[in-house]
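Input: a single structure, listed below in structure tokens.
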Amino acid sequence: MAQLCWEDIQEGMEIPSLAKKPTSVQMFQMSGVTWNRHRIHYDKDWAKVEGYDDIVIHGPLHGNALMELLGKWVGVEGMVWKFAYSNRAFAILGDTLTAKGKVTRKYTTDGKHCADLEIWVEKQDGAVTAPGTATVVLPSRG
Amino acid sequence: MVTQGSLIIDEMRAWIGRDLGSVTSEVVTQRDIRRYAQAIADYNPLYLDEEYAKKTPYGGIIAPRLFFGVMGEDPNEPDLRPDGTAAPEGGTTPPMPESLPRRMAGGSEFEFFLPVRPGDAITVNRRIADIFARQGRTGSLVFTVTEMTYTNQRGEVVAICRNTLIAR
């Protein structure tokens, strides 16, 4: 994919969305690599006791879906400078998380060519699981 | 800072700005980065392929930016709650009003400066950045913002993260 430049973007544009569907193996890996022992992420019986129909997708997986969305959009010469998100609704094994974004501001600051975005993760039923914002720095053709 | 009558009392206010100390990680390896990339199912060759990464402006493999998630507490299993979660270490959270017993994660904000590379050792310093109250739809809320500053072995700031915890 061609490297995105600041001149290519417009305020109001939506960026290409990204769908993630975590598997149970992936969720095991996430628990392992973060050493998160919270049973709701790997123990289906325990998840049911806590009221979930299946194991719960880790909060940071929603955040990482947003970062991957932005990383793919800005390319190897762009950079995610600021990033904020919160986990508002849970998702479970079998759910599809789609990360989406929209450019809200295009500007320069301190010699950097920037864009602010509104970003969010939706489940397959449209419910927003993780709203957020980001500021990216892009290369400029000059 | 907005206060709700006597909700933010002096005992809590005294925590604002409190330094909770620093912890330094073991050296980050290529394997740590690969496994984190696998855990988030992001197979960007920047995280996995040194030959590819060398040809990019980064000059070599870097970790995904949220890699700091691996730097958590890891108490022994007997010290975990039955659900597998770890209780916060004593002395690291300000007291909250007893009328607000529930806790909710309120979100994270990051500012990224430098990437994390294999061979880095990352130090995280935690401090209580702010405590404030708001009136929510269902009642009073108290917000505690913890700021984490991540530096590498050269003393360079790699990232700053602010996490908000809500008491309700």
Side-chain angles (χ1 to χ4, degrees), chain A residues 3 18-23 25-43 46-47 49-50 58-72 75-88 97 99 130-137 139, chain B residues 31-47 52-53 55-59 62-86 104-115 143 159-166:
Chain A
Q3 172 63 49
L18 176 74
K20 307 287 288 183
K21 190 170 181 182
T23 63
V25 171
Q26 188 196 337
M27 290 167 67
F28 161 85
Q29 292 175 159
M30 190 63 181
S31 290
V33 88
T34 59
W35 210 238
N36 179 353
R37 273 90 39 100
H38 196 176
R39 289 183 186 277
I40 61 169
H41 299 301
Y42 64 84
D43 180 343
W46 185 277
V49 164
E50 288 205 18
H58 308 66
L61 284 179
H62 298 251
N64 273 295
L66 291 170
M67 284 297 290
E68 186 181 344
L69 169 82
L70 295 166
K72 284 179 150 71
V76 81
E77 291 177 41
M79 184 192 149
V80 179
W81 176 18
K82 298 180 190 175
F83 172 70
Y85 82 103
S86 55
N87 288 109
R88 289 284 165 82
L97 304 180
T133 57
T135 300
V136 304
V137 181
Chain B
R31 182 173 75 175
D32 295 329
I33 292 173
R34 179 175 66 250
R35 289 188 175 181
Y36 191 82
Q38 290 171 329
I40 64 175
D42 184 351
Y43 308 108
N44 187 334
L46 257 183
Y47 311 141
Y52 166 86
K55 299 183 185 120
T56 71
Y58 294 102
I62 63 168
R65 297 291 183 153
L66 297 184
F67 178 75
F68 305 110
V70 306
M71 296 186 60
E73 292 152 7
D74 49 5
N76 297 331
E77 190 187 346
D79 299 324
L80 297 175
R81 298 191 191 102
D83 67 0
T85 60
M104 262 175 61
S108 303
E109 294 173 25
F110 296 84
E111 188 170 358
F112 302 113
F113 301 101
L114 295 172
F143 295 77
I160 297 174
C161 172
R162 293 165 67 99
N163 276 343
T164 299
L165 189 66
I166 305 172

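Chain naming here is simple, since letters A, B, ... match the order of the sequence lines and numbering starts at 1 in each. Not measured: the values here are computed from a predicted model.
The line from CG of B:Asn163 to OG of A:Ser86 is 11.0 Å long, rounded to the nearest 0.5 Å. Rounding to the nearest 0.5 Å places CD of B:Glu109 at 7.5 Å from OG1 of A:Thr133. Rounding to the nearest 0.5 Å gives a distance of 11.5 Å between CG of A:Asn36 and CG of B:Asp74. Here the straight-line distance linking atom CG of A:Asn87 with atom CE of B:Met104 works out to 10.5 Å at 0.5 Å rounding.
For B:Leu80, the part lying near chain A is the side chain, with the backbone staying farther off; criterion is any non-hydrogen pair under 4.5 Å. Residue contact with chain A, scored on non-hydrogen atoms closer than 4.5 Å, is absent for B:Pro115. Neither the backbone nor the side chain of B:Tyr47 comes within contact range of chain A, judged by heavy atoms closer than 4.5 Å. At a 4.5 Å heavy-atom cutoff, the contact between B:Tyr58 and chain A is made by side-chain atoms alone. With a 4.5 Å cut-off on non-hydrogen atoms, A:Trp81 touches chain B through its backbone and its side chain both.
Put simply, the side chain of A:Phe83 does not reach to within 4.5 Å of the side chain of B:Ser108, judged on heavy atoms. Between A:Val33 and B:Phe67, every side-chain heavy-atom pair lies at or beyond the 4.5 Å cut-off. Residues A:Glu68 and B:Tyr43 form no side-chain contact, since every pair of their non-hydrogen atoms from C-beta on lies 4.5 Å or further apart. The closest side-chain heavy-atom distance from B:Asp83 to A:Trp46 is below 4.5 Å. Taking the side chain as every heavy atom from C-beta outward, B:Pro64 and A:Met67 never approach each other to under 4.5 Å. Considering only heavy atoms from C-beta on, B:Phe112 stays 4.5 Å or farther from A:Lys82 through its side chain. In this structure, A:Arg37 and B:Pro75 have side chains that are in contact, with non-hydrogen atoms separated by less than 4.5 Å. B:Tyr36 is not listed as a side-chain neighbour of A:Gln29, based on a closest heavy-atom distance of 4.5 Å or more.
Chain B forms the most heavy-atom pairs under 4.5 Å with one residue out of A:Ala84, A:Ala65, A:Ser31, A:Pro60, and that residue is A:Ala84. No other option in B:Glu77, B:Arg162, B:Met71, B:Arg65 has as many heavy-atom pairs under 4.5 Å with chain A as B:Arg65. With chain A as partner, the option from B:Thr85, B:Leu46, B:Thr56 having the largest number of non-hydrogen pairs under 4.5 angstrom is B:Thr85. The greatest number of non-hydrogen atom pairs below 4.5 Å with chain A, out of B:Asp32, B:Ile40, B:Asn44, is found for B:Ile40.
In this structure, A:Gln26 contributes its side chain and B:Ala39 its backbone to a donor-acceptor pair below 3.5 Å. Between the side chain of A:Lys20 and the backbone N or O of B:Ala41 there is at least one donor-acceptor pair closer than 3.5 Å.
Within a 6.0 Å radius of CZ in A:Phe28, other residues, nucleotides and ligands contribute 12 heavy atoms or fewer.
Looking at residues two or more places apart in sequence or on another chain, you find a ring pair (Phe, Tyr, Trp, His ring centres under 6.0 Å) between A:His58 and A:His41. The ring pair (Phe, Tyr, Trp, His ring centres under 6.0 Å) check on A:Tyr42 picks up nothing, with sequence neighbours excluded.
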